[in-house]
There are 2 protein chains.
Amino acid sequence: METMSITQATERLRTSGIPVTLQRVEIARVVLSFPTHLSADQVFAKVRERIPETSRATVYNTLKLFREKKLVRELIVDPERRVYDSNTSPHYHLYNAENGQLTDVCADELQVIGMPSLPPGLQLEEVDVIIRVRTRRE
Amino acid sequence: METMSITQATERLRTSGIPVTLQRVEIARVVLSFPTHLSADQVFAKVRERIPETSRATVYNTLKLFREKKLVRELIVDPERRVYDSNTSPHYHLYNAENGQLTDVCADELQVIGMPSLPPGLQLEEVDVIIRVRTRRE
DNA sequence: TTCCATGCAAAGGGTTTGCACTCTC
DNA sequence: GAGAGTGCAAACCCTTTGCATGGAA
């Protein structure tokens with residue numbers, strides 16, 4: 001599997017109603033080519049490899065934009081940083097705080113049942129399930 | 001329902017193997033008297049009302065200590081701050097990002113099934129379920 | 001005396017903001 | 001020429017750290 005082409009990334013942005021710019025295309029290629037769990041700063045570093053004239057602010061702005069347009073999910077798992085998840089199909093997460101590793105758990109494998117009916121006036125946004133693990137100690 | 005007494009708080013600390021100090025007693029009273037979802041700074045402010053000679057560092061240290069001793073759970077729900085949950089029985093959370101309100105959902109009402117068997121060498125720490133909602137828009 | 005526990009202020013790290021410049025429509 | 005997108009650096013906020021003081025065993 002390889003990084004999506006510039007053409008593909010451009011198409012992806014247009015489909016989502018996002019005005020195309022050089023930086024946005026590259027950010028899309030970094031984030032959307034594979035299922036990833038990258039922090040904003042990791043995205044920033046990768047984008048810089050190809051497009052050094054990219055600022056941190058632009059990366060933060062763009063990731064926020066991608067989130068609003070549902071291209072990525074913002075995960076709040078580690079208090080140190082937010083990570084952006086390009087897997088938009090329903091799934092949950094397994095998190096090892098010791099090494100920061102985050103793994104997808106397919107929604108088929110895990111079900112949340114008995115979802116309480118929401119108080120009127122509230123609308124379900126999403127359900128996060130985080131399975132926190134650590135390395136077993138003897 | 002009212003704030004637990006100094007005696008009760010002291011007892012609670014001793015039971016948990018935490019050396020008793022003035023500040024820790026007051027922090028315990030603030031956090032453990034009721035089911036709460038307070039940030040470190042909210043705890044800091046409340047503790048200061050009674051014991052003004054309390055530093056932010058002490059509150060942070062103490063909350064970390066309480067967490068290690070399982071007196072509270074640290075919730076990672078809002079990227080802006082960690083909140084400390086004094087409800088130690090199994091339960092999940094409903095979170096409204098618009099106003100920051102966090103509500104407990106009893107574990108009886110909601111079940112997570114099909115928990116994947118963990119890879120060898122990993123130990124389950126806990127499972128967080130966060131139901132993210134927002135105010136319904138017409 | 002030897003540890004903790006604490007207060008205070010500074011540092012740290014991720015994220016946001018303010019402002020000027022550029023480009024596009 | 002108005003508005004959006006961007007780069008840069010500074011500001012911000014929550015949390016941690018370093019260091020000196022104070023107390024308890």
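Computed from a predicted model, the values in this text were never measured in an experiment. Naming convention: chains lettered A, B, ... in sequence-line order (proteins, then strands); numbering from 1 in each chain.
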What's the OH-P distance between B:Y60 and C:dG13, to the nearest Å?
17 Å

If the cut-off is 4.0 Å, is A:R24 near the phosphate of D:dG5, judged by side-chain N/O to OP1 or OP2?
yes

Euclidean distance, atom CZ of residue A:R56 to atom P of C:dT17 [Å, nearest integer]:
16 Å

Short side-chain N/O contact to D:dT6 OP1/OP2 from A:T21, under 4.0 Å:
yes

A:A40 has a side chain; which of D:dT6, C:dT6, C:dT15 sits nearest to it?
C:dT15

I need the CZ-C1' distance between A:R81 and D:dT15, as an integer number of Å.
14 Å

To the nearest angstrom, the CG-P distance between A:N61 and C:dT16 comes to 9 Å

Rounded off to whole Å, could you give me the CG-to-C1' distance for the B:D41 and D:dC12 pair?
14 Å

Passing candidate, salt bridge (charged side-chain N to carboxylate O under 4.0 Å, His left out) with A:E74, options A:R81, A:R82, A:K64:
A:R82

For DNA chain D, whose closest nucleotide is more 5', that of B:A57 or that of B:E80?
B:E80

Touch check for B:P79, heavy atoms < 4.0 angstrom, all strands: base, sugar-phosphate only, or nothing?
nothing

Set out, in order, the CA-CA distance, both residues' side-chain angles and the distance that settles side chain to side chain donor-acceptor pair (under 3.5 Å) for B:N87 and B:H37, then state yes or no.
CA-CA 9 Å; B:N87 180 350; B:H37 298 127; over 6 Å; no

When the distance from CD of A:Q42 to P of C:dT15 is rounded to whole Å, what number comes out?
10 Å

Using whole Å, report how far NZ of B:K64 lies from C1' of C:dA5.
15 Å

Please check if the number of heavy atoms outside B:Q111 that lie under 6.0 Å from its CD is greater than 12.
no

A:Q23 atom CD is separated from D:dG5 atom P, nearest whole Å, by 11 Å

Are A:V59 and A:L65 joined in one hydrophobic group, where the rule is that I, L, V, M, F, W and Y side chains link up if heavy atoms are under 4.5 Å apart?
yes

Residue met sooner reading DNA chain C from 5', once A:R82 and B:T54 are mapped to nucleotides:
B:T54

Can you hop from A:L102 to A:I131 via hydrophobic side chains spaced under 4.5 Å?
no

